[in-house]
Amino acid sequence: MEDNWLCQWSVIRSILAILQWWGFNVTVIIMNKWIFQKLDFKFPLSVSCIHFICSSIGAYLVIKVLKLKPLIPVDSEDLWRRIFPMSLIFCLNIVLGNVSLRYIPVSFMQTIKSFTPATTVVLQWLVWKKQFDWRIWGSLIPIVGGILLTSITELSFNLSGFCAALFGCMATSTKTILAESLLHGYKFDSINTVFYMAPFATMILAIPALLLEGAGVVVWLYTYPSLGSSLIIIFGSGVLAFCLNFSIFYVIHSTTAVTFNVAGNLKVAVAVTCSWLIFRNPISFMNAVGCSITLVGCTFYGYVRQMISSQQTSGTRHQSPDNKSETMPLTGDKLDKV
């Protein structure tokens, strides 16, 4: 009886973890789009900088003040040699995501972000000369096909937004791949990652944001009506962005890898639906089909990746040390959006 109750509580906890993760993620995306479109605050660098500042403060409070998470110590030499390069890619990833939201609908942006597994595999193959199981390559076909169909049929297509989202995928892939070598020996969770990288990202982005968008922000502050409520929304999105990273830590520890993968793809569907209900951006039938194919492809890719991983763990696939095939790309990007 007690075992049955514990099993039911485990399922309920997993569902609650996924729902709160969805809630924070979708809310942050919608708020960012609202800031760019409805508040006419068309400054993605400044928005990203505000998010990094809020995340830096939030991570400090969680680790240093509230002590909800233990701090993972890092050597001072590694801060600049290993953490700083990761922070640079981390910053670029977030900025490109916000730039894409500035120009294209949430539905299109989220679909393109689903291209990340493909860019990760291709980059590892081209640059790092890694070899992959044929099933990995096969699982990428529906993802690529869905992206092509979605892009061709997108009614609100914008080249700048498309390129920003696509390069954002490449930045995400690069960050994930580099993490394997640069962060080797450091088992960072999402909060410690933010604690170390967000201050560096703020430092990297502050001067470009000031030089490129400072004058525009000042004009907006003097001319925009209902300034108080608008600033609450802008800084509130930064607070929720940090809460999103905290929620990711909870959901990872409350679900299995397969559940996390499926929930992540369903999250995209929820974000697309909510954005359409709020912003009413036009979506054609074929565009919706392309988005659906992409999400199904991402789910299938996650299944194949998990299946190969299980086979390797159980020892069913014996590989020679001299001729080892790399079948499992490092694509578990646990940090969604800061």
Side-chain angles (χ1 to χ4, degrees), residues 6 9-25 27-28 48-91 93-94 172 175-205 235-261 263-264 267 309 313 328 330-338:
L6 289 175
W9 167 242
S10 178
V11 173
I12 294 173
R13 186 179 66 174
S14 297
I15 294 174
L16 292 176
I18 290 171
L19 289 177
Q20 56 91 29
W21 175 43
W22 282 2
F24 282 122
N25 188 276
T27 302
V28 169
S48 301
C49 197
I50 291 172
H51 285 192
F52 287 133
I53 292 172
C54 292
S55 294
S56 299
I57 296 173
Y60 181 85
L61 291 175
V62 168
I63 292 178
K64 290 290 191 177
V65 179
L66 301 177
K67 300 186 183 301
L68 298 177
K69 284 291 298 177
L71 176 66
I72 298 175
V74 175
D75 294 337
S76 57
E77 180 183 350
D78 285 343
L79 282 176
W80 292 99
R81 187 170 59 91
R82 301 167 73 174
I83 304 298
F84 182 79
M86 282 298 300
S87 301
L88 183 62
I89 303 296
F90 179 61
C91 177
N93 176 39
I94 301 304
T172 301
K175 174 172 67 71
T176 306
I177 294 169
L178 288 179
E180 187 175 12
S181 57
L182 289 179
L183 300 184
H184 178 70
Y186 292 108
K187 296 183 179 180
F188 282 155
D189 52 56
S190 58
I191 302 303
N192 273 275
T193 301
V194 173
F195 180 86
Y196 284 109
M197 293 188 185
F200 273 132
T202 304
M203 180 180 66
I204 293 168
L205 194 57
F235 281 93
S237 70
V239 174
L240 290 178
F242 168 74
C243 293
L244 170 60
N245 287 302
F246 199 79
S247 73
I248 292 171
F249 171 79
Y250 180 56
V251 76
I252 289 172
H253 286 75
S254 301
T255 61
T256 64
V258 175
T259 303
F260 184 81
N261 173 61
K267 175 202 67 181
S309 178
T313 302
M328 280 294 296
L330 179 64
T331 56
D333 186 26
K334 306 304 182 187
L335 283 175
D336 278 42
K337 181 179 279 294
V338 175

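Values reported hereafter were calculated over all heavy atoms of this structure, with side chains retained and with hydrogens, waters and symmetry mates removed. In this text the structure is predicted, and so the values were computed from the model without any measurement.
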* For Asp75, what residues pass the side-chain contact (heavy atoms from CB on, under 4.5 Å) criterion, not counting sequence neighbours? -> Asp78, Tyr186
* Non-hydrogen atoms of Ile72 and Asp189 that approach each other most closely -> CD1-N, 4.3 Å
* **Spatial distance of atom CG (Leu240) from atom CG (Asn25) [nearest 0.5 Å]** => 11.0 Å
* Test item: Ile204 and Phe84 side chains (from C-beta on) under 4.5 Å apart, heavy atoms -> yes
* To do: Provide the closest heavy-atom pair for Cys49 versus Leu205 in the form atom of the first, atom of the second, distance.
  => N-CD2, 3.5 Å
* **Approximate separation, where rounding is to 0.5 Å, of Leu88 CG and Met203 CE** => 10.0 Å
* **Ile63: partners by side-chain contact (heavy atoms from CB on, under 4.5 Å), with sequence neighbours left out** => Lys69, Leu71, Ile191, Asn192, Phe195
* Minimum heavy-atom distance Arg81-Pro85, with the two atoms named -> O-CG, 3.6 Å
* **Option among Ser55, Pro199, Ser56 that satisfies the side-chain contact (heavy atoms from CB on, under 4.5 Å) test with Val194** => Ser55
* Asked: How far does CE of Met197 sit from CG of Leu79, to the nearest 0.5 angstrom?
  -> 10.5 Å
* Beyond-backbone contact of Phe90 with Phe52, side-chain heavy atoms, under 4.5 angstrom -> yes
* Structure fact -> Distance col, row Thr172:OG1 vs Asn93:CG, nearest 0.5 angstrom, shows 3.0 Å
* Asked: What residues, two or more places apart in sequence or in another chain, satisfy side-chain contact (heavy atoms from CB on, under 4.5 Å) together with Ser14?
  -> Thr255
* Asked: Who pairs with Ser237 by side-chain hydrogen bond (donor to acceptor under 3.5 Å, both in side chains), at least two apart in sequence or on another chain?
  -> His51
* Asked: Any side-chain heavy atom of Phe242 sitting closer than 4.5 Å to one from Val62?
  -> yes
* **By ring pair (Phe, Tyr, Trp, His ring centres under 6.0 Å) - contacts of Phe24 (at least two apart)** => none
